[in-house]
Amino acid sequence: MFNPPNASRFFQLVWAIVDEIPPGRVSSYGQIASMIPPSEDWDAASMKRLAARWVGTALRKTPRDLPIPWHRVINSQGKISFPAGGAQAQRQRQLLESEGVQFDRRGKVDFSMVGWTGPAETFLARNGLLPPRLLR
DNA sequence: CGTTTGACTACGC
DNA sequence: CGCGTAGCCAAAC
């Protein structure tokens, strides 16, 4: 279950994780959700397919003054979750493209190319041990 | 206080 | 590959 009183804590974890995604990389709502350990407030089982939705809710409620790379989170299909063609979708796509992320004809990103592989990758990239865009 | 609405996903056609 | 739907919940109306 998802305990409302502690929603803010869940949200903060989401924001903290998203903040770790390096430029030119993307992750999905579901992936972010799976990185948050279960607790008495939310268990992986009952949130199975709903967890991702909560990650989306958390991002939607991101404070204006919290500079996290929200645009690096897309859906499991590799596509931007805002209505295609909308202002928000365009902005997100532009932000990603400015980091070198490429979209195919159908507006899809290739996770095998730019999918964030986790904290380890972030660590290596930060310490100059890994060329940001040459992994894989 | 009842309804509508999501920055989702897996699955079946 | 695209489209519809169940899942089943807190928030915003």
Side-chain angles (χ1 to χ4, degrees):
Chain A
M1 284 299 284
F2 193 77
N3 201 345
N6 295 300
S8 61
R9 192 159 85 77
F10 179 88
F11 291 166
Q12 284 176 26
L13 284 173
V14 170
W15 299 328
I17 292 171
V18 171
D19 195 43
E20 293 300 305
I21 308 174
R25 298 268 151 184
V26 299
S27 187
S28 72
Y29 301 92
Q31 254 182 84
I32 302 293
S34 69
M35 290 179 203
I36 295 179
S39 76
E40 56 181 72
D41 301 320
W42 54 82
D43 67 278
S46 67
M47 289 181 68
K48 201 174 181 181
R49 286 147 72 192
L50 241 41
R53 212 160 184 162
W54 283 111
V55 171
T57 299
L59 288 182
R60 190 181 60 204
K61 296 191 66 172
T62 302
R64 270 304 205 189
D65 58 349
L66 191 62
I68 60 173
W70 58 271
H71 59 284
R72 308 214 259 248
V73 184
I74 56 184
N75 63 37
S76 65
Q77 301 170 66
K79 299 198 290 190
I80 285 174
S81 275
F82 286 114
Q88 305 180 97
Q90 274 188 58
R91 176 165 161 59
Q92 182 169 13
R93 176 163 176 157
Q94 190 195 319
L95 286 170
L96 287 173
E97 290 184 319
S98 72
E99 299 182 343
V101 176
Q102 296 188 17
F103 290 75
D104 69 9
R105 192 173 303 163
R106 301 171 188 286
K108 207 161 152 186
V109 167
D110 185 353
F111 275 113
S112 71
M113 292 301 287
V114 296
W116 181 44
T117 58
E121 180 191 341
T122 299
F123 175 81
L124 293 174
R126 267 188 193 156
N127 294 28
L129 299 172
L130 194 66
R133 314 207 57 246
L134 294 183
L135 185 74
R136 295 191 191 181

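Not measured: the values here are computed from a predicted model.
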Review point. With respect to the side chain of S76(A), which nucleotide from dC1(C), dC8(B), dA10(B) is positioned closest?
Key: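 The nucleotide sitting nearest to the side chain is dA10(B).
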**OP:** Kindly point out which of dA12(C), dA7(B), dT9(B) is positioned nearest to the side chain of A52(A)?
**Re:**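 The answer is dT9(B), which lies nearest to the side chain.
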_C1' gap between dA10(C) and dA10(B), integer Å_ =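 Between the two C1' atoms, the distance is 22 Å.
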Find the distance [X]:[atom1] to [N]:[atom2] and express it as a whole number of Å.
X       : N       : atom1 : atom2 : result
F10(A)  : dC8(B)  : CZ    : P     : 13 Å
I36(A)  : dC8(B)  : CD1   : C1'   : 14 Å
Q77(A)  : dC3(C)  : CD    : C1'   : 11 Å
R93(A)  : dA7(B)  : CZ    : C1'   : 17 Å
Q90(A)  : dA7(B)  : CD    : P     : 18 Å
F82(A)  : dC8(B)  : CZ    : C1'   : 13 Å
K108(A) : dT9(B)  : NZ    : P     : 13 Å
L59(A)  : dA10(C) : CG    : C1'   : 16 Å

T62(A) side, atom OG1; I68(A) side, atom CD1 - distance, nearest 0.5 Å |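 Nearest 0.5 Å value for the OG1-CD1 distance: 4.0 Å.
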Practice task
Give a yes/no on whether any side-chain N or O of S28(A) is located under 4.0 angstrom from OP1 or OP2 of dC8(B).
Solution key: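 So the side chain of S28(A) is outside the cut-off, no N or O lying under 4.0 Å from OP1 or OP2 of dC8(B).
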- Task: May I ask you to test the V109(A)-Q102(A) pair for a side-chain heavy-atom distance under 4.5 Å?
- Result: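 No. Closest side-chain heavy atoms not under 4.5 Å.
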Quick one: are V26(A) and I21(A) in side-chain contact, heavy atoms under 4.5 Å?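 A side-chain contact under 4.5 Å is absent here.
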- Message: Taking Q77(A)'s backbone N and O only, do any of them form a donor-acceptor pair with N75(A)'s side chain (distance below 3.5 Å, no angle check)?
- Response: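 Yes, because the side chain of N75(A) sits within donor-acceptor range (under 3.5 Å) of the backbone of Q77(A).
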Query raised in the report: Just checking, any donor-acceptor pair under 3.5 angstrom between side chains of E99(A) and H71(A)?
Result: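 Result is yes, a qualifying pair exists.
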Check: Looking only at heavy atoms, which two atoms of E20(A) and T122(A) are closest? And how far apart?
Finding: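 In this case the closest contact between E20(A) and T122(A) is O-OG1, 2.7 Å.
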Atom pairs, protein N/O to nucleotides 2-6 of chain B N/O, distance under 3.5 Å:
{"unit_1": "dG6(B)", "atom_1": "O3'", "unit_2": "R60(A)", "atom_2": "NH1", "d": "2.9"}
{"unit_1": "dG6(B)", "atom_1": "N7", "unit_2": "R53(A)", "atom_2": "NH2", "d": "3.2"}

Can you give me every donor-acceptor pair (side chain of residues 28-38 of chain A, partner residue at least two apart or in another chain, under 3.5 Å) with its distance?
{"unit_1": "S28(A)", "atom_1": "OG", "unit_2": "Q31(A)", "atom_2": "N", "d": "3.1"}
{"unit_1": "S34(A)", "atom_1": "OG", "unit_2": "Q31(A)", "atom_2": "O", "d": "2.7"}

